[in-house]
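Here's the structure, in structure tokens; my notes come after.
Only heavy atoms go into these numbers, but all of them, side chains included; no hydrogens, no water, no symmetry mates. Below, read A as the first sequence line, B as the second, and so on, with proteins coming before strands; counting in each chain starts at 1.
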Amino acid sequence: MSQSSSPVRVRFAPSPTGYLHIGGARTALFNWLHARHTGGTFLLRIEDTDAARNTQEATDVILRGLRWLGLDWDEGPADGNPTGPSRGDRGPYFQSQRSEIYRRRIQELRDRDLAYDDDGAVRFRMTREPIVIHDRIIGDIARALTDREEENPDFVIVRRDGLPVFHFVNVVDDIEMGITHVIRGEDHVSNTAKHIALFRAFGVQPPTYAHIPLILNPNGSKMSKRDEGASIQAYIDDGYLPDAVANYLCLLGWTPKEGGELFTKEQAASAFDLSDVNRSNARFDLKKLEHFHFEHVRRLAPPRFVELGSAVLARAGFDLSAFAPAYIAAAIGSVQEKGKLLKELPGWVDFYFLADDALVFDPEAKDKALVSTARPLLAQLRERFAALPEFTPSTLEAALKALAAELGIKAGPLVQPCRVACTGRGVGPSLYHLMDILGRSRVLRRLEIAAALIAG
RNA sequence: GGCGCGUUCGUCUAUCGGUUAGGACACGGCCCUCUCAAGGCUGAAAGACGGGUUCGAUUCCCGUACGCGCUACCA
């Protein structure tokens, strides 16, 4: 087998199509995990042979997605500019900049009569022997010739227009860059025989192959560009935590031997083993991703959550500069345990930052809670709260419950009008804590305003 | 059509010949409760089908069905 003892070098080699596919992201992730697990090197190579659609912009989208997921590469481009700076000594890392290398390699095959002209294109003299692929995940695969290959197994490596094709450049680059393990989607399994033959033609031991199963839509169909949730950008926009996405992606095809489903990329890297990766395709389940987001949000260091939350609010148009840092931290922190998507955050905390007379009332909540019978209750609550020697969650709760007891009613009829008065909504953080954060004057004012609203 | 890969609850999976087939998400019920959640308890839910091999198959082999991939002078 091609099991090598030299240091691991793996690569993610996307084509800049303008978006990072969720399956591609997982391929990158598995490569990263294997590199980090083995102390090897993770490289990024841009396969931008189709100049027409491969813009710098398109490459930047991919780099941004990888960085968002936290998949840092040891060698590769610094940005989407093919002629710009890069890291590593095996560059250039853009195929568009490697034409000279390909030309040389084509000549090499020609000189040894392993390639020949055909209708202006160049074909590779494919071996007629059956090729067995030793796959680290699937096992041994005996790839027989298809009916078309029976007719002519020699495949094109340079198109009539002079551009070398994927199979060729991919292998040449893997040779030049010293790739030891090729971890890629299962959709490449059939191609692998061609690649192995090319490696042999160049007298190079093929790398170890590991083909990972595909990610399918919930209905079992192939997840393609247009499908919902196929692009990593969707998860960035919706405010998922990158660690949550990475965690979920890991689980699509891999489970740690020691068990446990919730982990960071670093923890996954220490446990990761290619041999434990599944052979069968997995369907994408958004609900489960949401669950992992929830778990990761709850485990986030509070200051970090506040930092992320503040950024989201700023982007949503809130001017936080008028508020004290401690107030902002308390306000945002009060909803961390909800584990909501970041894009939903403004809708949960806006009341903390709106003027008392500018609260936005949810019509349904208002109709339900701010009814005529609630008016005297709000007045009495205001009175009790105003008289409290201390304004804290526990004194607030005690005061509200004491009033309820005196009136012979449950807490609910008091809580809901109060909550809607303070926040404009029927759902939200713990009422007593939210009032504590809001502060006495704001709470009293909002109770008055709500009561007046009922009268009108 | 040809070639290849795959098939355990609805979904992601554990099991590496002998288990009441376990867990997670989702779903139902109960409890808790200031809303929504969370949490605790609990319920329903799976080995595609047919042959072998074996004392014994979810597990090994063969076939069928179904799914997916490839089959380009795309990547």
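Between A:Lys368 and A:Glu364 there is no salt bridge, since no side-chain nitrogen of the basic residue lies less than 4.0 Å from a carboxylate oxygen of the acidic one.
Within the 4.0 angstrom heavy-atom criterion, only backbone atoms of the sugar-phosphate kind lie near A:Thr255; the bases stay farther away. At the heavy-atom level, A:Lys287 lies under 4.0 Å from the strands shown only through sugar-phosphate atoms. Contacts of A:Arg298 with the nucleic acid, taken as non-hydrogen atoms under 4.0 Å apart, involve only primed sugar atoms and P, OP1 or OP2. Note on A:Arg419: a base of the nucleic acid sits closer than 4.0 angstrom, heavy atoms only. Counting any heavy atom pair closer than 4.0 Å across all strands shown, A:His188 reaches a base atom. If you check every strand for non-hydrogen atoms under 4.0 Å, A:Ala121 touches a base. Here A:Leu431 lies in heavy-atom contact (under 4.0 Å) with a base. At the heavy-atom level, A:Asp119 lies under 4.0 Å from base atoms of the strands shown. Across all strands shown, A:Gly426 has heavy atoms under 4.0 Å from base atoms, whether or not it also approaches the sugar-phosphate. Counting non-hydrogen atoms under 4.0 angstrom, A:Glu261 reaches a base of the nucleic acid. Residue contacts for A:Gly185: at a heavy-atom cut-off of 4.0 Å it reaches no nucleic acid atom on any strand shown. Backbone-only contact: A:Leu145 has heavy atoms under 4.0 Å from sugar-phosphate atoms and none from a base. Within 4.0 Å of A:Asn170, counting heavy atoms only, lies no atom of the nucleic acid at all. Residue A:Pro429 is in base contact, counting any heavy-atom pair closer than 4.0 Å across all strands shown.
With a 6.0 Å cutoff to the six-membered ring centre and a 45° limit on the axis angle, A:Arg26 counts as a cation-pi contact of A:Phe30. Seen from the ring of A:Phe168, A:Arg105 does not count as a face-on cation partner, given the 6.0 Å and 45° thresholds.
What you find for A:Leu300 and A:Gln336 is that their closest heavy atoms are O-NE2, 2.8 Å.
B:A65: Watson-Crick or G-U partner is B:U7, with both key distances under 3.5 Å.
Aromatic ring orientation, A:Phe124 versus A:Phe155: tilted (interplanar angle from 30° to 60°).
Mapping A:Glu337 and A:Leu252 onto RNA chain B by nearest heavy atom places A:Leu252 at the nucleotide closer to the 5' end.
The nearest whole Å value for the distance from the NE2 atom in A:His211 to the C1' atom in B:C3 is 15 Å.
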